[in-house]
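Below, all heavy atoms of this structure are taken into account, side chains as well, without hydrogens, waters or symmetry copies. So that the names make sense, note that chain A is the first sequence line, chain B the second, and so on, each numbered from 1.
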2 protein chains.
Amino acid sequence: MARKTGSHSEITGPRIRAEAARLFSRHGFAAVSMRAIARAVGVQAGALYLYTPDKESLLFDLLKTHMDELLAAWEAEPRAEDPAARLECFVRFHIRFNLERAEAVFLSYMELRNLSPENFARIESLRKRYEDALEAILRQGQAAGVFAVPDTKLATMAIIAMLTGVNTWFREGGRLSRDRVEAIYWDMVRKSVAP
Amino acid sequence: MARKTGSHSEITGPRIRAEAARLFSRHGFAAVSMRAIARAVGVQAGALYLYTPDKESLLFDLLKTHMDELLAAWEAEPRAEDPAARLECFVRFHIRFNLERAEAVFLSYMELRNLSPENFARIESLRKRYEDALEAILRQGQAAGVFAVPDTKLATMAIIAMLTGVNTWFREGGRLSRDRVEAIYWDMVRKSVAP
């Protein structure tokens, strides 16, 4: 059956997603019912099923949208040719993008286990594409002799974990600005891959 | 009322904790009932309440035990005086300990939000003690001129996030041994704090 189009779905879609993201990140996926999401949106539970077949599809939709936006935003960054400049760009981009999407990042890490195996594999392949983008920079720098990394795969995982960790402690208006945090992390990453 | 002592509580305590940890990490805290834990242990739900007043106390018990064991194990490590040797010891210890307790580490990151505010604060203060142990090493090396870290607090958070990330991808019997992974991470950490 064709899904309803027009103003109804256009207005409620983003609101459903926003309320679902807020409730999932506050209480956890398992503790949130479709009824609770409908209540938060201000529609009947039945109306929710016009938008999504089930709760897991809604979660997958949130996680996939986050990864699609991350990949598109990285592709849209100005492309430095120099590996060190490109690595600096990646470090600053990752911290900035993730701090701006704190809720989506939190969900992406916390609720992966609640995806079906097929949907989990789809998210994993998008993550892999993002990791590959960083690994390509490390390989390029390695080939040019400006980086010395014993294992580009491990360095990729180490750098991404380090950068994503900022989300767990950063508070806007705290001791350090985002820009200062980016600069400090770049200093550590730059040295960690240096010859 | 005094809690029952003797063989009953001694035998079921560890089993209750092990089954709770397994179920929480597989399905999430919110999705697991006291009844389900009792069933997995093979006792009546009522017997569970002889051991713990409620599900949140059981979760707190698991998270606190993990932090207590982590801190005790770190204290028991041989104490190198040289800051670089001590940092290497910390890096290898953290990776090794966390890989050995993968389930407890996973729970500690996933289920923090399900603690009461007081219990959350107690876990946070134990985490802070562990972070302080690493920061003390960085300060010591900084003072001795062997490390150059723009901000010891941020370097602490960056290093811990990087090392803990190993748990998300490491597979026993995979491409690299634990020892090789430790050596590669130590190489990156060593350089990241170098002058």
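Around CD of B:Glu124, the count of heavy atoms belonging to other residues, nucleotides or ligands within 6.0 Å exceeds 12. Within 6.0 Å of atom CZ in B:Arg35, 12 or fewer heavy atoms from other residues, nucleotides or ligands are found, so the atom counts as exposed in its surroundings.
Linking Ile, Leu, Val, Met, Phe, Trp and Tyr residues whenever their side-chain heavy atoms come within less than 4.5 Å leaves A:Phe97 and A:Val105 in two separate clusters. Under the 4.5 Å side-chain heavy-atom criterion for ILVMFWY residues, no single connected hydrophobic cluster contains both B:Leu112 and A:Met110. Criterion: ILVMFWY side-chain heavy atoms under 4.5 Å apart, direct or through other members. Under it, B:Ile184 and B:Leu99 are part of a common hydrophobic cluster.
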Point to revise | Steps toward side chain to side chain contact (heavy atoms under 4.5 Å, CB included) verdict (B:Asp132, B:Glu135) | key: CA-CA 5 Å; B:Asp132 288 349; B:Glu135 195 177 357; 4.3 Å; yes

Check your understanding: Going through the distances and angles, do A:Phe147 and A:Arg139 end up as a side chain to side chain contact (heavy atoms under 4.5 Å, CB included)?
Key -> CA-CA 8 Å; A:Phe147 300 158; A:Arg139 283 181 197 277; over 6 Å; no

Check your understanding: Are B:Glu100 and B:Arg96 close enough, and set up right, to give a salt bridge (Lys or Arg N to Asp or Glu O under 4.0 Å), and what steps lead you there?
Key -> CA-CA 6 Å; B:Glu100 278 160 11; B:Arg96 199 170 60 240; 5.0 Å; no

**Study point:** Full working for side chain to side chain contact (heavy atoms under 4.5 Å, CB included) between A:Phe106 and B:Arg113
**Key:** CA-CA 12 Å; A:Phe106 181 76; B:Arg113 65 180 163 186; 3.4 Å; yes

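Between A:Ala40 and A:Glu19 the shortest heavy-atom distance is CB-OE1, 3.5 Å. Residues B:Phe29 and B:Glu111 come closest through the heavy atom pair N-OE2, 2.9 Å. Contact detail for B:Val32 and B:Ala36: the closest heavy-atom pair is CG1-CB, 4.4 Å.
Contacts of residues 55-67 of chain A with chain B at a heavy-atom distance below 4.5 Å are absent; not one residue qualifies. The interface of residues 152-182 of chain A with chain B, defined by heavy-atom distances below 4.5 Å, comprises A:Lys153, A:Leu154, A:Ala155, A:Met157, A:Ala158, A:Ile159, A:Ala161, A:Met162, A:Gly165, A:Trp169, A:Arg175, A:Leu176, A:Arg180, A:Val181. Contact residues of residues 185-195 of chain A toward chain B are A:Tyr185, A:Asp187, A:Met188, A:Lys191, A:Ser192, A:Val193, A:Ala194 (heavy-atom distance under 4.5 Å). Residues of residues 68-90 of chain A never come within less than 4.5 angstrom of chain B, heavy atom to heavy atom.
In this structure, A:Arg17 and A:Tyr51 have side chains that are in contact, with non-hydrogen atoms separated by less than 4.5 Å. Side-chain contact between A:Thr52 and A:Met34 is present, with at least one heavy-atom pair separated by less than 4.5 Å.
A salt bridge is defined here as a Lys NZ or Arg NE, NH1 or NH2 lying under 4.0 Å from an Asp or Glu carboxylate O, and A:Glu131 with A:Lys128 fails to meet this definition.
Remark: B:Arg127 is positioned above the aromatic ring of B:Tyr109, its terminal NZ or CZ atom under 6.0 angstrom from the ring centre and at most 45 degrees off the axis.
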